[in-house]
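The structure presented is a predicted model; accordingly, all values stated were derived computationally and were not measured.
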Amino acid sequence: VKILVTDDSRVMRQIVIRTLRQAGYDEHDIIQAEDGREAFQMVGSEQPDLVLSDWNMPEMTGIECLEALRAAGSQVPFGFVTSEGSPEMREKAANAGALFLIAKPFTEETFRDALDGVLA
Amino acid sequence: VSTLDTGERRRNGEHRPVITELIDEPTIQSIAEDAWTALVGEDEILVPLPGELPADVLSSWVDVVGPWTGTVVLTTGRETAAGLTRALLGEHAPVELDEEDVADAFGEIANVVGGNVKAALPGPSTLGLPETGPTPPATRPDDLCRVDAQWRGQFLTITVQGTTGVPHAERNEVPQ
């Protein structure tokens, strides 16, 4: 299983990857993108099984990336990991085709709850 | 009567709330404590105690634009910001931190605190990207909420401060 972690913060990518390992997903192949544009390209070139993406990023935001992927016909499973977890953001994410939204700060349990159904 | 009512509604519509009407210190403290535990470390505690900032400080902040417009600012000593960065990076911390590491890590704490403060405010709002640098001035003392805290005995402040007009430069903001 290949997971694409997308965040403009290198520190946050490391924390997400560390939390993935702590949550028990340490056998998976984890790749990284710095913004939505790079993530969009890497979905094409790397064929990940899941995209975990920040929302607010320069160049292309997470939601723009998701919308571009769906418009291009990609159905790659996509979830947000973002500092904004309001009901409006969750609704917008779900309407665009996201499977879940993990709000920062998160715990390994939050990751397990969101990812277990997707990666089972 | 209807004329009076219309006038009242109009005045209410023009009222821009100050931050103390929307959020209080314990809420901000609680948001910050959660961010500390999750980002800095499970055993890392933010103690609600006042103190004194050193001369050499660094701030990180995010802007919120919406029914309430302003900035969520973290300020601490430069050394403490570096210590926070090492804690966030954990085993990946380099021997010598560069400014980019500190801007990234300290900015991400402001991003998480700011995102959760934004979620507690009336929407729709947009959140800017995190920035670091000299402390942004608080231009409206009547529109400010401040929390003083200590981490590992080092002092830091979190202010949620209103701004007049559009804050700072145009950034990549995401409509909610």
Honestly, the part of Ser9(A) sitting under 4.5 Å from a heavy atom of chain B is both

To the nearest 0.5 Å, atom CG of Asn111(B) lies from atom CG of Asp54(A) at 6.5 Å

Heavy-atom closest pair (Val112(B) atom, Ser83(A) atom, distance to 0.1 Å) is CA-CB, 3.7 Å

Rounded to the nearest 0.5 Å, the CG atom of Asp104(B) sits from the CD atom of Gln14(A) at a distance of 8.5 Å

Val113(B)-Leu22(B) co-clustered via ILVMFWY side chain contacts under 4.5 Å = yes

When rounded to the nearest 0.5 Å, the distance separating CD of Glu84(A) from OG1 of Thr126(B) is 8.5 Å

When every non-hydrogen atom of Val11(A) is compared with those of Asp101(B), the smallest separation belongs to CG2-O, 4.5 Å

Distance col, row Glu108(B):CD vs Asp8(A):CG, nearest 0.5 angstrom, shows 7.0 Å

Does Lys104(A) offer a backbone N or O that forms a donor-acceptor pair with the side chain of Asp34(B) under 3.5 Å? no

According to a hydrophobic-cluster definition based on side-chain heavy atoms being under 4.5 Å apart (Ile, Leu, Val, Met, Phe, Trp, Tyr only), do Leu144(B) and Val65(B) belong together? no

Separation between CZ (Arg13(A)) and NE2 (His92(B)), nearest 0.5 Å, reads 11.5 Å

Between Asn56(A) and Leu129(B), the two heavy atoms sitting closest are O-CD2, 3.4 Å

Indicate, with yes or no, if Trp61(B) and Leu53(B) share a hydrophobic cluster defined by side-chain heavy-atom contacts under 4.5 Å among Ile, Leu, Val, Met, Phe, Trp and Tyr.
no

Handout entry: Shared hydrophobic cluster, Val47(B) / Trp151(B) (ILVMFWY, side-chain heavy atoms < 4.5 Å)
Key = no

Here the pair of heavy atoms bringing Met12(A) nearest to Leu39(B) is CE-CD2, 3.5 Å

**Message:** Heavy-atom count check: over 12 atoms from other residues, nucleotides or ligands less than 6.0 Å from Gln75(A) CD?
**Reply:** yes

- request: Please indicate whether Glu79(B) has more than 12 foreign heavy atoms, meaning atoms of other residues, nucleotides or ligands, lying under 6.0 Å from its CD.
  value: no

*Under a 4.5 Å side-chain heavy-atom rule over Ile, Leu, Val, Met, Phe, Trp and Tyr, are Leu115(A) and Ile30(A) clustered together?*
yes

Handout entry: Other residues, nucleotides, ligands: >12 heavy atoms within 6.0 Å of Ile45(B) CD1
Key = no

